[in-house]
Structure formats: structure tokens, C-alpha cells
Amino acid sequence: MEKYIQNIKIWLSGLNAEQKRKIILICTAVFSALLTISVLISVIDFSENEKTDAPERLAVSSPIPAGEIFYPDEPDYIPGVILQRERRSSWTLQDASEYWQDPLKFGEEPWREIIEDAIDKLLEHVP
């Protein structure tokens with residue numbers, strides 16, 4: 001292999017600048033032609049031949065109903081949530097009672113004590 005490379009180096013060293021330019025131009029043209037041919041071959045659509053040779057495909061319907069595969073559509077709003085309410089400058093207890101739930105009504109007091117104790121311990125350890 002080194003023998004061939006050495007022969008090519010000797011041959012190239014004997015060429016003048018004009019001959020070297022011509023060789024580079026010819027090599028570039030050959031490379032471009034090969035690249036163009038490979039791109040054209042990859043772009044050409046052979047699907048017409050495949051369509052005539054391929055058997056006709058049949059449409060197959062799914063034996064599973066769509067309702068069992070996909071979740072049902074969600075509603076546009078969550079029931080029980082008031083999306084808008086009238087703006088008031090002042091509230092009475094009767095007005096607020098519609099929107100207020102007492103957290104202590106359902107026995108949340110033990111949770112409140114646990115949370116407050118955890119907060120107190122945390123703040124005691126902060127320098």
C-alpha cells in the first residue's frame with residue numbers, strides 16, 4: 001500500500017499547477033455526479049410498481065369498542081364549583097356562609113395541633 005502512495009506522490013510532484021487544477025476539477029466533477037445520482041435514486045418513487053404488485057388491503061375494524069379503550073370526555077367544568085360570583089365591597093355573615101366551610105367542623109383540630117407543633121419546632125431550631 002505504501003508503494004502505491006509513494007508512486008502517487010511522485011507522480012503528483014511531477015505535475016505543474018495547471019495539471020493539478022485539472023485533476024482536482026475532474027475529481028470534484030466525478031464526486032458531484034456520483035452524489036447527484038445517489039440522491040436521484042433515493043428520491044425516485046418506486047411506489048407505482050409496488051402498488052401493482054402488492055395485494056389489495058382490507059379495512060379491519062377493531063373488535064374492542066372505542067369506549068373501552070379511551071377515557072370518556074371530561075366535562076367543561078367541575079360540578080359544584082362556582083366559576084364566578086358577584087363582586088361585593090362588604091360581606092355579611094349570611095353572604096359568607098354560602099362559601100365558607102369551618103375546618104374545625106369535621107374534626108380537623110388534631111391535624112391543626114400536629115401542624116402547629118411541627119411549625120413551632122421548626123422555628124425554634126432556626127437561628
Side-chain angles (χ1 to χ4, degrees):
M1 185 71 171
E2 291 180 26
K3 179 182 171 185
Y4 294 114
I5 294 174
Q6 192 67 14
N7 289 339
I8 292 172
K9 284 182 180 180
I10 293 170
W11 179 71
L12 285 175
S13 65
L15 298 176
N16 62 20
E18 185 64 29
Q19 291 172 332
K20 288 180 181 178
R21 273 191 230 119
K22 285 182 183 178
I23 290 175
I24 291 173
L25 198 71
I26 290 170
C27 290
T28 304
V30 169
F31 178 75
S32 298
L34 290 174
L35 184 65
T36 304
I37 290 170
S38 67
V39 167
L40 287 176
I41 288 174
S42 66
V43 170
I44 292 175
D45 186 19
F46 291 107
S47 62
E48 292 178 12
N49 296 338
E50 292 175 4
K51 287 180 184 175
T52 58
D53 296 341
E56 186 175 325
R57 295 184 180 185
L58 300 174
V60 178
S61 63
S62 175
I64 302 172
E68 294 180 16
I69 296 176
F70 303 106
Y71 289 118
D73 293 335
E74 293 185 16
D76 291 339
Y77 64 93
I78 300 172
V81 174
I82 299 172
L83 299 177
Q84 292 180 342
R85 60 178 168 81
E86 65 184 60
R87 187 178 187 132
R88 298 181 185 176
S89 59
S90 63
W91 288 79
T92 64
L93 288 177
Q94 266 185 337
D95 295 336
S97 66
E98 181 182 351
Y99 303 105
W100 172 254
Q101 292 181 353
D102 186 11
L104 302 178
K105 180 179 179 182
F106 300 106
E108 281 87 6
E109 186 62 35
W111 290 108
R112 172 180 261 175
E113 291 173 3
I114 292 171
I115 293 170
E116 286 179 353
D117 288 342
I119 292 172
D120 289 341
K121 287 179 184 176
L122 176 69
L123 292 176
E124 287 173 2
H125 289 90
V126 174

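No hydrogens, no waters, no symmetry mates; every other heavy atom, side chains included, goes into these values. Residue numbers run from 1 in the order of the sequence given.
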Engineer: What residues join Val30 in its hydrophobic cluster, counting side-chain heavy atom gaps under 4.5 Å, either direct or through other members?
Structural biologist: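 Answer for Val30: Ile26, Leu34.
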
Engineer: Considering the options Leu40, Ile41, Leu35, which one meets the side-chain contact (heavy atoms from CB on, under 4.5 Å) requirement together with Ser38?
Structural biologist: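 Answer to the side-chain contact (heavy atoms from CB on, under 4.5 Å) test with Ser38 among Leu40, Ile41, Leu35: Leu35.
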
Engineer: For the CD1 atom on Ile114, are there more than 12 heavy atoms of other groups (residues, nucleotides or ligands in this structure) within a distance under 6.0 Å?
Structural biologist: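 Counting other residues, nucleotides and ligands, CD1 of Ile114 exceeds 12 neighbours.
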
Engineer: Donor-acceptor pairs under 3.5 Å, side chain of residues 13-20 to any protein atom, not counting sequence neighbours: which ones?
Structural biologist:
unit_1, atom_1, unit_2, atom_2, d
Ser13, OG, Lys9, O, 3.3
Ser13, OG, Ile10, O, 2.7
Asn16, OD1, Glu18, N, 3.3
Asn16, OD1, Gln19, N, 2.9
Glu18, OE1, Arg21, NH1, 3.0
Gln19, OE1, Asn16, N, 3.2

Engineer: Determine whether Ile23 and Cys27 satisfy the following criterion, side chain to side chain contact (heavy atoms under 4.5 Å, CB included), listing intermediate values before the conclusion.
Structural biologist: CA-CA 6 Å; Ile23 290 175; Cys27 290; 4.2 Å; yes

